[in-house]
Amino acid sequence: MSNVPNKTSCSPSSATLTIPAKPYPFSFQPCRTALLIIDMQRDFLLAGGFGEIQGGSLADVQACIEPTRRLLEASRAAGLAIFHTREGHKPDLSDCPSSKLVRQAAAPHSPNPRSEKQHKLVIGDRGEMGRLLVRGEYGHDIVDELKPLPNEVVIDKPGKGAFWDTDLMHRLKAHGITHILVAGVTTECCVATTFREANDRGFECCAVTEATAGYNPSFKTSSLDMLHWSQGLFGFVSDLQPLLECLGPLSVSPNPSLGDGQTPPQTPPEWDGDVSISGLMAAYRSGLSPATVIESLYSRIEAYEQVNPGSWILRLSKEDILSAARDLATKHPDRGKLPPLFGIPFTVKDSIDVAGLPTTTACAPLSRIPAESAPVYTSVVECGALFLGKSNLDQLATGLSGQRSPYGACSSVCHRDFISGGSSSGSAVQVGAKLCSFSLATDTAGSGRVPAMFNGVVGYKPTRGTVPFVGITPACLSLDCVAVIASSVGDARLVWQNIEGYDERDPYAKPRMGMLLRCVDAIGPQANQFTFGIPPPEVLAGVCSAPYRRLFADTVARLQRMGGTLKPVDWEPFKKAGDLLYDGSFVLERMASLPDLVASSSSSSSSSINASEGLGATTLAKTWLRAKEKELHPVITTLFTAALERPTTPADVFRDLQKQALYTAQVRNHIFTREEGGVDVMVVPTAPTHFTTREMQEEPIARNSVLGTFTHAGNVLDLCGIAVPAGRFDAVELERQEGELPFGVTFLGGSGLDAEVLGIASRFEEEAARDGLTE
Ligand code: TIU
């Protein structure tokens, strides 16, 4: 067994642990390992449930509750990701195949005379604990001893295997899991099926003998034997005790005495100023009060306002935030059972709706007060996050500079002479200045990635349609995407886990079942190797400034040291897709919502034109631009007017859509593929250089397009991407007298390959930290 340092940490250990197991010792890293507890529901474990009707020996399955509880406690303390499953069906049984419903009940007679109850009732019938195996019923729930905590994943599955018709695979990958400890009931049925399916998906699994049971002891023995037969046909089987001994020293709870139901210490600790989510969560678990954090943080926010004003469009009062912080602490008195974003301060870009507050999109004529909040906002608040206010942005979320807002231009947190980047300018500045832990933003052309780089933070744009784009003012709806700005890849990943999901109100939402999910590489050389492509040298040389070229070359070398193999990739589809965004007809989509808004407000505004006059969309948009000129940013007026003046025919629009489909298919089929010639990720400088605010004023449109060189293609090609800091350089290199500027790269991956991209990005982040490039 390896020696594990007994340190207090907020994240699970990355040390490799080894436990005795069959057919040979099982090795795993806690940070990549989940405990998966299958179907420990009343229906399977208690009298009067579905299991009893099946003909089960309840005493046998009940015997595994206590060992599973011990395993769960040890896994929780070690910080492992915890996944529970529940078998059951929708109340209308629309997800229950008829074979499952009637096969057993249709048997001519029971072979077992002792079991008069057997299959007299079927799924959906009313039993002693409610309708059998129906979601929402008492019997469907997990037994009290193993009740899931708010930060644990519960997967409702209609089948015996936990992967069929569920998002288990996605959720495991989203957590970066490669290894699974498997427990639950019944060994012969749902445990074995799930274990075998996990094996096909690349996971390394180890069943824990005492923490699983079936209705027939000999089935349990045979099922476990089959799993490890032939040197590990499907995986491993271990005993509970060595696992408990191995996990024991890993406790990540900084205050282990603070157990179930106990209140925090009388004298809560001080806040050390760290706004990282993992740091704050660790502090909250040991009793830090969210109100203490807000007290200090608010002073930091006010002080920063003197240094770099303009990042806020609306900030809640200190009293309001403090009151929310106190309410939160009252709602969650047990620090051992905190929701995943408890007390985590955040902001939202002011194109995202928060009920009762104006959404301006930095464009006063569009400002309105929504009655409902955007689901992304609601999701993080339900996870305990604390809302501070709304962030500035380039008007209509159009721009990459952070200089196009009537609410003020933002400069980089690293250097006041340089732009903050945009359009999510305020969001990136607030995270960069550590005024909040994360900000919810958007990214259409690079708006989440570019400002992240210019402020030394992480900007993550998941695959479009995987996070609800609902209650958010569109920039260019068919290409818009929610982005998360955070201080690390891990924090961005955590926020993403809590905001993603299918929302039928989003017409561009991708149903998860339709998305390609690659198997994981858990062990062997493949686990640490990856392939990557970069833009061609002439593109980099032609557009990047000298320090960017140098630091990008360093990045490539670092990626190769990490086990990355650089492969040649055709850059043409990226270039052509990027050009479609502003040079083709797509920019007109940015105006698609304006005339309707004018029409709906025309009765109340004397300067508005009336849509019912039957004017064409272009004329409506031009008239609107003219009518609102005073409130629009001049660069936006120029940009939109120029687009409207261009002779674009309907055929042009269809040609552009067809080109988009072609380039998207090209990158999907030939670049982001595991087959010959493909790569796992494309790595690009997030932008080609860092302009000063003055340079940006001189040429606001041409330089904006330079900034988008490596980001524009992302949403056009349906990619996911994450911008990560990758070094700093002396501002002298960009002809300034003093100071340092940040550099960063973006990892781009194919549609739905978010877990792969996040995995490589987080390894790069670790490597960069080891090399002293980041804090
Ligand atoms: N029939 C049986 O033994 N089990 C199930 O139907 N579900 C689980 O194993 N969880």
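Numbering of ligands and ligand atoms starts at 1, following listing order.
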Ligand-residue contact atoms, ligand 1 with Asp39, heavy atoms, under 4.0 Å: 8 (C), 10 (N)
Salt-bridge present (Glu197, Lys160; N to O < 4.0 Å): no
Heavy-atom nearest neighbour in the protein, as seen from atom 3 (O) of ligand 1, with distance rounded to 0.1 Å: Thr186 OG1, 3.1 Å
Within the 6.0 Å centroid threshold, strictly below: Phe438 and Phe346: yes
Chi angles and distances behind the side-chain contact (heavy atoms from CB on, under 4.5 Å) call for His332, Lys337: CA-CA 8 Å; His332 300 282; Lys337 295 181 178 171; over 6 Å; no
Tyr460/Asp754 under side-chain hydrogen bond (donor to acceptor under 3.5 Å, both in side chains): CA gap, chis, key distance, verdict: CA-CA 10 Å; Tyr460 172 39; Asp754 296 79; 2.7 Å; yes
Numbering as shown, the atoms of ligand 1 that approach Tyr215 to under 4.0 Å (heavy-atom distance): 3 (O)
Identity of the nearest option to atom 2 (C) of ligand 1, non-hydrogen atoms only, from Gln54, Glu87, Lys100, Lys160: Gln54
Sub-6.0 Å ring centroid separation between Tyr24 and His228: no
Nearest protein heavy atom with distance in Å, relative to atom 4 (N) of ligand 1: Cys189 SG, 3.4 Å
Distance from atom 8 (C) of ligand 1 to nearest protein heavy atom, with residue and atom: Cys190 SG, 2.5 Å
Evaluation steps, side-chain contact (heavy atoms from CB on, under 4.5 Å), between Thr85 and Leu36: CA-CA 8 Å; Thr85 68; Leu36 176 62; 3.9 Å; yes
Residue part near ligand 1, for Val185, under 4.0 Å between non-hydrogen atoms: backbone
